[in-house]
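First the structure, in the form of structure tokens, and then the observations on it.
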Amino acid sequence: QKEVEQNSGPLSVPEGAIASLNCTYSDRGSQSFFWYRQYSGKSPELIMSIYSNGDKEDGRFTAQLNKASQYVSLLIRDSQPSDSATYLCAVASSGGSYIPTFGRGTSLIVHP
Amino acid sequence: DAMVIQNPRYQVTQFGKPVTLSCSQTLNHNVMYWYQQKSSQAPKLLFHYYDKDFNNEADTPDNFQSRRPNTSFCFLDIRSPGLGDAAMYLCATSGLGAYEQYFGPGTRLTVT
């Protein structure tokens with residue numbers, strides 16, 4: 001059973017701070033990692049994908065992957081109230097099923 | 001813009017009254033998925049199509065059926081909705097060999 005674990009939160013940070021969201025996964029064969037943002041009542045939106053160990057930056061977002069420790073994180077710099085949402089981590093394995101396993105998400109609240 | 005479209009956005013049905021949800025895509029993606037998502041939970045995969053090959057998750061109730069008449073369209077039929085089927089239904093697509101999923105806006109189903 002492949003598992004993806006996230007702290008449900010809420011994680012509350014002040015505007016302008018760095019928000020750090022973490023995700024751990026159980027399948028050592030996992031190769032592809034994704035972060036989706038989901039606003040309340042809306043559908044998930046892909047914001048980051050990462051495939052190799054290390055950091056990947058896109059604007060204010062940085063995804064960090066450590067396969068040895070089986071975790072992936074998302075850093076949001078200069079957090080804005082508009083970043084308040086649930087962030088879903090999804091993990092996929094190469095070979096066999098190409099379908100990612102989703103975590104339950106971490107709720108982020110950025111307060112002014 | 002290429003996109004995934006779901007109709008209707010909101011659906012109210014009565015207990016036991018069949019309902020059909022639709023999804024269309026202009027991304028020309030081979031794979032289409034149907035998810036059910038309840039509040040504060042991870043999206044739960046119901047079905048997916050790899051081209052015309054239909055794949056049913058083992059724990060998807062028989063009450064749920066799906067059709068994909070062509071590459072662009074996919075339907076979710078709920079034959080006899082129960083109160084427990086009230087949820088957001090999400091359609092997603094992905095390209096051949098890719099794991100990134102692109103979601104439609106979802107259909108919020110209410111069962112009265």
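As the structure is a computational prediction, the values presented were derived from the model and not from experiment. Just so we're on the same page: letters track the sequence lines, and every chain starts at 1.
Of all the heavy atoms in B/H29 and B/T71, the pair that sits closest is O-CG2, 3.9 Å. Of all heavy-atom pairs between B/Y99 and A/S93, the closest is OH-O, 3.3 Å. Between B/A92 and B/Y35, the shortest heavy-atom contact is CB-CE1, 4.3 Å.
Scanning residues 45-67 of chain A against chain B with a 4.5 Å non-hydrogen threshold yields A/L46, A/S49, A/Y51, sorted by number.
When each of B/R9, B/K44, B/Q101 is checked for heavy-atom pairs under 4.5 Å with chain A, B/Q101 comes out on top. For the options B/P105, B/S94, B/S39, heavy-atom pairs under 4.5 Å to chain A are most numerous at B/P105.
No more than 12 heavy atoms of other residues, nucleotides or ligands shown are found within 6.0 angstrom of CG on B/N28.
Proximity to chain B is absent for every atom of A/Q6, based on heavy atoms less than 4.5 angstrom apart. Only the side chain of B/Q37 comes within contact range of chain A, judged by heavy atoms closer than 4.5 Å.
Ring planes of B/Y89 and B/F64: tilted class, angle from 30 to 60°.
At least one side-chain heavy atom of A/I76 sits under 4.5 Å from a side-chain heavy atom of A/L108. With a 4.5 Å cut-off on side-chain heavy atoms, B/L90 and A/P44 count as touching.
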Run the numbers on A/C89 and A/C23 for disulfide (SG to SG under 2.5 Å), then give the verdict. CA-CA 6 Å; A/C89 173; A/C23 171; 2.1 Å; yes

